[in-house]
A.B. asks: 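Encoded as structure tokens, here's the structure I'll be asking about.
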Amino acid sequence: LPAPPFKAQTMARPSNNNSVLSNTVPSKVTPQDFVFIQELGHGSYSTVYKATMKNNPRQFYAIKVCSKTHIIKEKKIKYVTIEKNALTLLSQFKHPGIVNLHYTFHDQSNLYFVLDYIPNGEVFHFLYSQKNNGVLPDNICKKFVIQLIDSLDFLRRNKIVHRDLKPENLLLNDQGRVLITDFGAASALNEDRDQCESFVGTSDYVSPELLLHNKCSYPADLWALGCIIYQFKQGAPPFRGANEMGTFENIINLKYQHKKPINPDIQEIIDGLLVLDPTKRMCINDLKRCKWLRDIDWNNKQLIWRGIWE
Ligand code: ATP
């Protein structure tokens, strides 16, 4: 199976509210407290390093360093603020499926997010590894899907929409558990505001309601989940066109096919999630009741969160 020719890129997210630069409380922590071991990768406004603290070299962290000049120049302040606020809120609960933020600090040049280091890379790389070659076996796919459903349930209870779910934003820990990362496109909803409006996300996974009405809510993450499950079984995202416009057209026309034979119980979930009308799309409770997942005891968190290598 050919890997997709390119990684899905998060779409541009312009903004110019500048609160995060002033309201990150300067703390006693400085970059000099850490040993930066290696670069893990970089995103549109940050570079992530593996690091340890000088006074505790056994504990590894992933430190996301965001250049203040770059954030201002690229008008990304709103998105760094969202990422910080969402991760701060969620990290209080230490949910097993969300990358834990220990704290943030800043100096004159940069903002620093001190995150748990997740050692086994992106699900994207696992999917396109030599072993998997673009298709996950049903049992591994099921494990990932169960964990993602539990994490999305948790996000919903905390009124957060991630809005940029994709295999590149899912990390694998040492036991083979899936953790959601990169909350830079997230949105916090509440009683007064039950929809988000800005055009964010990644074209392959963007929901039709965002494309057509510039509005989305929790079902947008379930649409992305449908795209991801399809990709786990078919080797490429369902709507990818020759270019971004082609992809958008495929999405709004719901143009996708199950090219390879697929377990009908998995197909039922994909087809139930890839529904144009967000009110008719499968919700978390529908997913929990469907045939493929009917045997899962959703209260048994220990079992749900057992990794694929345990
Ligand atoms: P963008 O922010 O533009 O969407 P991105 O998701 O690639 O891009 P980051 O979230 O900054 O950007 O991550 C950059 C890289 O660092 C990713 O490739 C990811 O694999 C790696 N990374 C991020 N967080 C961690 C972590 N907690 N542990 C291990 N690796 C991480």
Side-chain angles (χ1 to χ4, degrees), residues 3-4 6-15 20 34-53 59-68 70-71 73-88 90-91 94-104 110-129 151 160-187 198-206 220-221 224 227-228 237 244 307:
F6 52 84
K7 262 179 128 178
Q9 288 297 315
T10 299
M11 297 182 294
R13 330 178 263 219
S15 148
V20 77
F34 294 90
V35 181
F36 288 82
I37 300 167
Q38 70 181 89
E39 186 180 315
L40 294 169
H42 53 263
S44 47
Y45 56 78
S46 61
T47 306
V48 181
Y49 298 91
K50 181 178 179 181
T52 59
M53 278 201 103
Q59 164 125 34
F60 294 110
Y61 297 98
I63 305 191
K64 185 163 179 160
V65 183
C66 314
S67 146
K68 287 184 179 179
H70 190 74
I71 295 169
K73 209 169 83 197
E74 300 291 321
K75 299 191 179 10
K76 302 281 184 184
I77 296 166
K78 180 172 161 198
Y79 295 98
V80 184
T81 311
I82 291 170
E83 182 160 24
K84 180 182 168 224
N85 291 347
L87 278 175
T88 304
L90 299 170
S91 295
K94 302 239 177 311
H95 188 272
I98 309 292
V99 172
N100 180 49
L101 172 70
H102 291 267
Y103 46 82
T104 60
N110 301 305
L111 291 170
Y112 302 84
F113 287 70
V114 182
L115 300 152
D116 270 345
Y117 169 64
I118 314 298
N120 281 305
E122 301 170 11
V123 168
F124 181 90
H125 291 126
F126 178 74
L127 176 61
Y128 296 104
S129 62
S151 296
I160 301 277
V161 191
H162 183 282
R163 301 201 294 176
D164 198 14
L165 286 181
K166 54 182 175 179
E168 294 87 331
N169 284 340
L170 305 175
L171 300 177
L172 278 176
N173 81 349
D174 40 5
Q175 289 105 37
R177 210 180 342 115
V178 176
L179 288 95
I180 299 178
T181 186
D182 194 0
F183 283 75
S187 184
S198 36
F199 193 74
V200 295
T202 299
S203 50
D204 282 315
Y205 307 87
V206 75
D221 283 346
C227 296
I228 293 168
E244 203 168 67

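Any value given below was found using the heavy atoms of this structure, including those in side chains, with hydrogens, waters and symmetry copies removed. For ligands, and for the atoms within them, numbers begin at 1 and follow the listed sequence.
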A.B. asks: In ligand 1, which numbered atoms sit nearer than 4.0 Å to a non-hydrogen atom of Ser46?
C.D. replies: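 Going through ligand 1 atom by atom, the ones under 4.0 Å from Ser46 are 11 (O).
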
A.B. asks: Find out whether Leu111 and Thr104 are in side-chain contact, i.e. whether some heavy atom of one side chain is under 4.5 Å from a heavy atom of the other.
C.D. replies: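 Side-chain contact under 4.5 Å: no.
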
A.B. asks: Given that the side chain starts at C-beta and the backbone is N, CA, C, O, which of these parts of Thr47 lies under 4.0 Å from ligand 1, counting heavy atoms, or is it both or neither?
C.D. replies: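 Within the 4.0 Å criterion, Thr47 makes no contact with ligand 1.
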
A.B. asks: Check whether any side-chain heavy atom of Phe113 lies under 4.5 Å from a side-chain heavy atom of Leu101, and answer yes or no.
C.D. replies: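 Touching, per the 4.5 Å side-chain cut-off.
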
A.B. asks: Give the single entry among Val48, Asn120, Ile118, Val80 that approaches atom 29 (C) of ligand 1 most closely by any heavy atom.
C.D. replies: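 Considering heavy atoms of Val48, Asn120, Ile118, Val80, the nearest to atom 29 (C) of ligand 1 sits in Ile118.
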
A.B. asks: For His42, look at atom NE2 and say whether over 12 heavy atoms of other residues, nucleotides or ligands are found less than 6.0 Å away.
C.D. replies: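 Counting other residues, nucleotides and ligands, NE2 of His42 stays at 12 neighbours or fewer.
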
A.B. asks: At less than 4.0 angstrom from any non-hydrogen atom of Leu40, what atoms of ligand 1 do you find?
C.D. replies: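 Ligand 1 atoms under the 4.0 Å threshold to Leu40: 29 (C), 30 (N).
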
A.B. asks: Under 3.5 Å, side chain of Asn169 to main-chain N/O of Thr181, donor-acceptor pair present?
C.D. replies: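 Checking the backbone N and O of Thr181 against the side chain of Asn169, no donor-acceptor pair under 3.5 Å is found.
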
A.B. asks: Quick one: pull up OG1 in Thr52 and OH in Tyr117 and give me the separation to the nearest 0.5 Å.
C.D. replies: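 Result: 12.0 Å between the selected atoms.
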
A.B. asks: Counting N and O atoms only, with roles assigned by atom type, does the side chain of His162 sit under 3.5 Å from a partner on the main chain of Asp182, one being a donor and the other an acceptor?
C.D. replies: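 Yes.
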
A.B. asks: Is any side-chain heavy atom of Asn120 closer than 4.5 Å to one of Phe126?
C.D. replies: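 Heavy-atom side-chain distance check fails, nothing below 4.5 Å.
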
A.B. asks: Lys64 near ligand 1, heavy-atom distance under 4.0 Å?
C.D. replies: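 Right, Lys64 reaches ligand 1.
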
A.B. asks: Does ligand 1 have any atom sitting under 4.0 Å from a heavy atom of Gly121?
C.D. replies: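 Under 4.0 Å: no for Gly121.
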
A.B. asks: Look at atom 7 (O) of ligand 1 and find which of Glu39, Glu168, His42 reaches it with the closest heavy atom.
C.D. replies: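 Of the listed residues, His42 has the closest heavy atom.
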
A.B. asks: Closer than 4.0 Å to some heavy atom of Val99 - which atoms of ligand 1 meet that?
C.D. replies: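 With Val99 as reference, the close atoms of ligand 1 come out as 27 (N).
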
A.B. asks: Is Thr47 close to Glu39 at the side-chain level, that is, under 4.5 Å between some pair of heavy atoms?
C.D. replies: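 In contact.
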
A.B. asks: Pull out every atom of ligand 1 sitting under 4.0 Å from any heavy atom of Glu122, numbered as shown with elements.
C.D. replies: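 What qualifies from ligand 1 is 17 (C), 18 (O), 19 (C), 20 (O).
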
A.B. asks: Using a strict cut-off of 4.0 Å, indicate which atoms of ligand 1 neighbour a heavy atom of Asn169.
C.D. replies: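 Those atoms are 6 (O).
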
A.B. asks: Mind checking whether Leu171 has an N or O less than 3.5 Å away from an N or O of ligand 1?
C.D. replies: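 In fact, backbone or side chain, Leu171 has no N or O that close.
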
A.B. asks: Could you tell me whether Tyr45 and ligand 1 have an N or O pair separated by under 3.5 Å?
C.D. replies: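 It does not: no N or O of Tyr45 is found under 3.5 Å from an N or O of ligand 1.
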
A.B. asks: Which class fits the ring pair Phe36 and Tyr112: parallel under 30°, tilted 30 to 60°, perpendicular over 60°?
C.D. replies: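 The rings of Phe36 and Tyr112 sit tilted, inter-plane angle from 30° to 60°.
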
A.B. asks: Which ligand 1 atoms are under 4.0 Å away from a heavy-atom of Ala62?
C.D. replies: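 So the answer, numbered in order with elements, is 25 (C), 26 (C), 27 (N), 28 (N).
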
A.B. asks: Between Tyr117 and ligand 1, does any nitrogen or oxygen pair lie at a separation below 3.5 Å?
C.D. replies: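 Min N/O separation from ligand 1 is not below 3.5 Å for Tyr117.
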
